[in-house]
Amino acid sequence: MQHKLIYILLTLASVITYGQVNLSMDADKTEYAGKDIINLTIVLELNGSDLVQQTGFQLPDLSKFNIIGSGSVTNTVIDPATNTLITQKVSRIALEPKKKGKIKIGSVLVTVNNRIYKTEPFDVNIRDIVDRRALAANTSNDVYLNMEIDDRDVYQDQPTVAVLRVYSRNMDNLRKVKNIHLPQQDNINVHPINFDKSEIDPSGYGNMPSQVLAMFMVFPNEAGYVEVPGVSASVNTYSNKTKIVSNKVKINVRKLPEGAPECFKNAVGNFNVNVYNASKEKPEAKKPLNVVVKVSGEGNLPDMELPKIAASPDYEVFAPKITSKVAPGTSGMKGEILANYVIIPKKSGVISIKTEQFAFFDPASKEYVDLGQKTLDLNAFSHDQILEARSTVEKVNEYTNNLLETVNTPVLKTTSFKVKEKSKFHWNILLTNIAILISLFVGYLLFKNWQKKRTLVRETVPSKPLGSVAETEKEIRELMKTDINDYFGYLENLKDNGEYEKFFVTLEELDEEVRGQYFQGSTPEFKTFLEKHKGSSVAEEYSKLQQKVQMEKYNPVKSAEALEELLKTIVNLYSQISK
């Protein structure tokens, strides 16, 4: 019996020595201010090689906090004294309190070798919460902005949606908030979703009216804790103009998982790549053709690095022209981006135009997707092959055009007809001429009599005041005003017919016509005039339009889509200027 008791005691001693499980959770302090971040540290220590952690950490109810970040690390060592395997897992959680007062943090649970271990609960004390909405509740006339971001735990280059809301006890102040400026910072990319104001919520926060002013997407481009700067706006009243700034929001940006392909750069979302020949003519050696690389999908589409066309000894490639059609989606910016390349084949025969390898990270599946290279196979013809492939009608048309351009054709002369003189005198012609002269004299006398009567009437009527110089200039401008809608329709026809050279000539005539309405001779003078009378934004749009027109005018490859976008900008701007 004694031997059995000793055996049991030795067994328990070995379990205690080699199979200990220690689980603890602590906060960095017990009392916090409203701006402080609560850092929780959870430590699990397993002493023994036979201990297996069967579940992860089961966190308590943290609904009274915003989780702004988390991370964990695992260390494994062997104690040289006892030759025991020690596994230590440490997790950190960063919390932002939602309310003040004493808040209880519950127990963390974990299962090891079919046994549940838990930590002891404890309390933290929050002294106060700095909330702009709460401050606004105690103020009758002030206006406060609040930026709200629900999802504060995202991957690098993955978007999170921010909502800008305005609060004021005076409902009339909500309508005075204007000139919203979204945050700008090197470690984030911001794209607006909309600036549509919502209906005013009279209950709001603390029965204080509120209204949504804007929604936008934030794409953090670096990992770690990223602070989104506040959104600024102005409150315009009759007496003054006040600038207001919203709160800042911290978000936890997780680093992308390891194992990314070598060709991965910064594309996060779900994308597809396609390459195609946009030229209508047959590919010909030593002649340029238009090749488009299209990237479509949803994610950080406007900010990611696009796959380029790889260099090759078979062709020469030039820098692309980028056009985009992007709109906000559910999980990022959605649409397509087109890279328009001008490529010149260096030889005839089959050539393969390849893009660079392209890969992206899909946050939904948390995996990298490698699309590899996209290839466009073209058969470039020589000049002689192009001529041989022409039909008989095309050859006859080309021969006729060359003949008319190079050969001087004889001019057809028309016979001139002359009235022969007659020797006989006609009295009827003389009488008719005399009657015409008498009629003209009588008409002259009647006109002079009517003019005298009009002068007398004009003297009796009181003279109208001449008015100011500005009013006179306005009347003259109204008389000189031309219906620019005729220009718009003509430009539309030229674009559809592919008459691009005539399109830009007509556009210059339209610009001269509009400048002439305001008595402005040169483009810089007209820009100064617009800035003074139409506003700086209209002047800036006019300057950008002139630059865009010059780029499109001298672009070697004209795109119908680009001219369509240019024409829309022309119609909108000149309609606004000519009001």
Side-chain angles (χ1 to χ4, degrees), residues 33-35 66 96 98-100 128-152 159-220 226-251 328 530-542 544 572-573 576 579:
K35 295 182 179 180
N66 289 322
E96 184 183 60
K98 293 182 179 179
K99 66 177 185 177
K100 65 180 180 178
D128 57 346
I129 296 292
V130 179
D131 193 333
R132 293 183 181 273
R133 293 174 293 180
L135 292 174
N138 299 322
T139 310
S140 58
N141 295 322
D142 289 347
V143 183
Y144 293 95
L145 294 177
N146 189 67
M147 179 170 55
E148 303 168 1
I149 299 179
D150 291 335
D151 189 4
R152 302 190 187 185
T160 182
V161 178
V163 179
L164 180 65
R165 192 181 294 269
V166 60
Y167 293 85
S168 179
R169 188 167 295 279
N170 186 356
M171 191 178 297
D172 185 56
N173 287 336
L174 303 181
R175 303 182 178 91
K176 299 177 183 178
V177 180
K178 299 178 181 179
N179 302 325
I180 299 172
H181 296 283
L182 299 182
Q184 294 182 354
Q185 200 165 265
D186 292 338
N187 56 357
I188 61 172
N189 297 314
V190 177
H191 297 280
I193 297 177
N194 63 66
F195 289 96
D196 300 332
K197 293 185 177 181
S198 68
E199 297 293 333
I200 296 177
D201 184 6
S203 58
Y205 180 85
N207 293 326
M208 183 168 52
S210 67
Q211 186 181 31
V212 175
L213 297 181
M215 296 179 66
F216 54 95
M217 286 187 181
V218 179
F219 293 80
V226 175
E227 186 176 68
V228 181
V231 181
S232 64
S234 61
V235 181
N236 299 333
T237 61
Y238 294 107
S239 58
N240 59 1
K241 181 178 180 181
T242 306
K243 181 180 179 181
I244 56 177
V245 182
S246 74
N247 58 309
K248 301 177 182 179
V249 178
K250 287 184 178 180
I251 58 177
L530 292 176
E531 189 171 358
K532 183 178 180 181
H533 295 85
K534 299 289 185 177
S536 59
S537 61
V538 176
E540 187 66 24
E541 290 180 9
Y542 178 77
K544 290 180 179 179
N572 294 334
L573 181 60
Q576 186 177 358
K579 285 183 179 179

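All heavy atoms count here, side chains included; hydrogens, waters and symmetry mates do not.
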Count the heavy atoms belonging to other residues, nucleotides or ligands that lie under 6.0 Å from CG of Asp186, then report whether that count exceeds 12.
no

Taking the side chain as everything from C-beta on, heavy atoms only, tell me whether Ile251 gets closer than 4.5 Å to Pro220.
yes

With side chains defined as the heavy atoms from C-beta onward, is the minimum distance between Pro192 and Leu182 less than 4.5 Å?
yes

Stepwise side-chain contact (heavy atoms from CB on, under 4.5 Å) check, Met217 with Ile193:
CA-CA 7 Å; Met217 286 187 181; Ile193 297 177; 3.7 Å; yes

Are any non-hydrogen side-chain atoms of Pro159 and Val218 less than 4.5 angstrom apart?
no

Can you tell if the side chain of Met147 reaches within under 4.5 Å of the side chain of Val163, non-hydrogen atoms only?
no

Is the side chain of Ser198 donor-acceptor paired with the backbone N or O of Gln211 at a distance under 3.5 Å, no angle test?
no

Does Lys197 NZ have over 12 foreign heavy atoms under 6.0 Å away?
yes

Is there a side-chain contact between Lys241 and Asn179 (heavy atoms, below 4.5 Å)?
yes

Those residues that, when tested against Glu541, pass side-chain contact (heavy atoms from CB on, under 4.5 Å) (two or more places apart):
Leu573, Gln576

Heavy atoms only: give me the nearest Val231-Leu145 pair and the separation to one decimal.
O-CD1, 3.6 Å

Hey, what do you get for CD (Glu540) to CG (Leu530), rounding to the nearest 0.5 Å?
11.5 Å

Rounded to the nearest 0.5 Å, what separates atom CZ in Arg169 from atom OG in Ser210?
12.0 Å

Report yes or no: does Ser246 contribute a side-chain atom to a donor-acceptor pair with the main-chain N or O of Gly230 at less than 3.5 Å?
no

Could you report the tightest heavy-atom contact between Met171 and Pro209, atom names first, then the distance?
CE-CG, 4.0 Å

Once rounded to the nearest 0.5 Å, what's the spacing between atom CZ of Arg175 and atom OG of Ser168?
11.0 Å

Give a yes or no on whether a salt bridge exists between Glu96 and Lys250, defined as a side-chain N under 4.0 angstrom from a carboxylate O.
no

Could you walk me through whether Ser232 and Ile244 satisfy the side-chain contact (heavy atoms from CB on, under 4.5 Å) test, starting with their C-alpha distance in whole Å, then the side-chain angles of each, then the deciding distance to 0.1 Å, before giving a yes or no?
CA-CA 6 Å; Ser232 64; Ile244 56 177; over 6 Å; no

Evaluate Val235 against Asn173 for side-chain contact (heavy atoms from CB on, under 4.5 Å), listing each step before the verdict.
CA-CA 8 Å; Val235 181; Asn173 287 336; 5.5 Å; no

So Arg165 and Tyr167, do their side chains get closer than 4.5 Å, heavy atoms only?
yes

Student check: side-chain heavy atoms of Glu148 and Asn146 closer than 4.5 Å
yes

Donor-acceptor check, side chain of Gln185 to backbone of Glu227, threshold 3.5 angstrom: yes or no?
yes

State, to 0.1 Å, how close Ala162 and Ile149 come at their nearest heavy-atom pair, and which atoms those are.
CB-CG1, 3.6 Å

Ring centroid separation His191 to Phe219 under 6.0 Å
yes

How about Pro183 and Phe216: do any of their side-chain heavy atoms sit closer than 4.5 Å?
yes

Main chain of Asn236, side chain of Ser234: is a donor-acceptor contact present, judged purely on distance under 3.5 Å?
no

Could you state the interatomic distance from CG (Leu213) to CD1 (Ile180), rounded to the nearest 0.5 Å?
4.5 Å

